[in-house]
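Reading through the structure tokens given below for one structure.
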Amino acid sequence: MAALTLAVAAVTLAACEPQVPLASDFIPDYKGVETALLDGDLVQFKVAMTKAQSGQDVSDYAECAAAQYTLIRGYGFARHVRTNVAQEAGLWRGDAVYTISPSLPRGIKTIDAEVTVANCVEKGIPRV
């Protein structure tokens, strides 16, 4: 009986100790991209991931998807319209909209698709 009491006490104390995070806790897990052509050059990207450190990680994932999609469609540039980010129970979701175009669009939130895809590859962020 004393051995059982000691075992229960040891388990209880172990549960109270702070858990040291592992490196794998900080490596994003990308769950996929859904793409929808809304109208002509307007495209929506829905992304999902876990282990994001912030909403910026989710936005970056959506931007990488947009850049790759832009190249797939034969265009060179995209303009960010909006991104909504939400998190629930460890799952991060992003809903982003971009316009795509063959030439540099007007506006301040434009991306060069080739440069952005190269940056995404370098950072290990998947694309479409």
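None of these values were measured; they are calculated from a predicted model.
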Spacing of His80 atom NE2 and Thr99 atom OG1 [to the nearest 0.5 Å]: 10.5 Å
side-chain contact (heavy atoms from CB on, under 4.5 Å) between Leu37 and Arg73, worked out: CA-CA 11 Å; Leu37 184 60; Arg73 296 289 300 225; 3.8 Å; yes
Gap between atom OG1 of Thr70 and atom CG of Asp41 - 0.5 Å precision: 10.0 Å
Joint cluster assignment, Val43 & Val81, ILVMFWY side-chain distance < 4.5 Å: no
Under the side-chain contact (heavy atoms from CB on, under 4.5 Å) test, residues paired with Leu104 that sit two or more places apart: Phe77, Thr110
Connected-component partners of Val117 among ILVMFWY, side-chain separation under 4.5 Å: Leu71, Val121
For Arg79 against Gly107, the heavy-atom pair lying closest together: CD-CA, 4.3 Å
Over all atoms of both residues, closest heavy-atom pair of Ala67 and Ala113: O-CB, 3.5 Å
For Tyr98 against Ala62, the heavy-atom pair lying closest together: CE1-O, 4.3 Å
Tyr61 and Cys120, any side-chain heavy atoms less than 4.5 Å apart: no
Distance, nearest 0.5 Å, that separates CZ of Arg127 from CZ of Phe45: 13.5 Å
Pairing residues for Asp57 by the side-chain hydrogen bond (donor to acceptor under 3.5 Å, both in side chains) criterion, not counting sequence neighbours: none
Residues that Asp29 engages under salt bridge (charged side-chain N to carboxylate O under 4.0 Å, His left out), provided they are two or more places apart: Lys31
Neighbour count above 12 (heavy atom, 6.0 Å) for Gln56 CD: yes
Transitive ILVMFWY side-chain link Ile111 to Val97, under 4.5 Å: no
Spacing of CE belonging to Met49 relative to CG belonging to Asp60, to within rounding of 0.5 Å: 8.5 Å
Arg82, CZ: over 12 other non-hydrogen atoms inside 6.0 angstrom: yes
Cluster companions of Leu22 among Ile, Leu, Val, Met, Phe, Trp, Tyr (side-chain spacing under 4.5 Å): none
Pair listing, side-chain hydrogen bond (donor to acceptor under 3.5 Å, both in side chains) test, anchored in residues 44-55, at least two apart: Gln44-Asp95
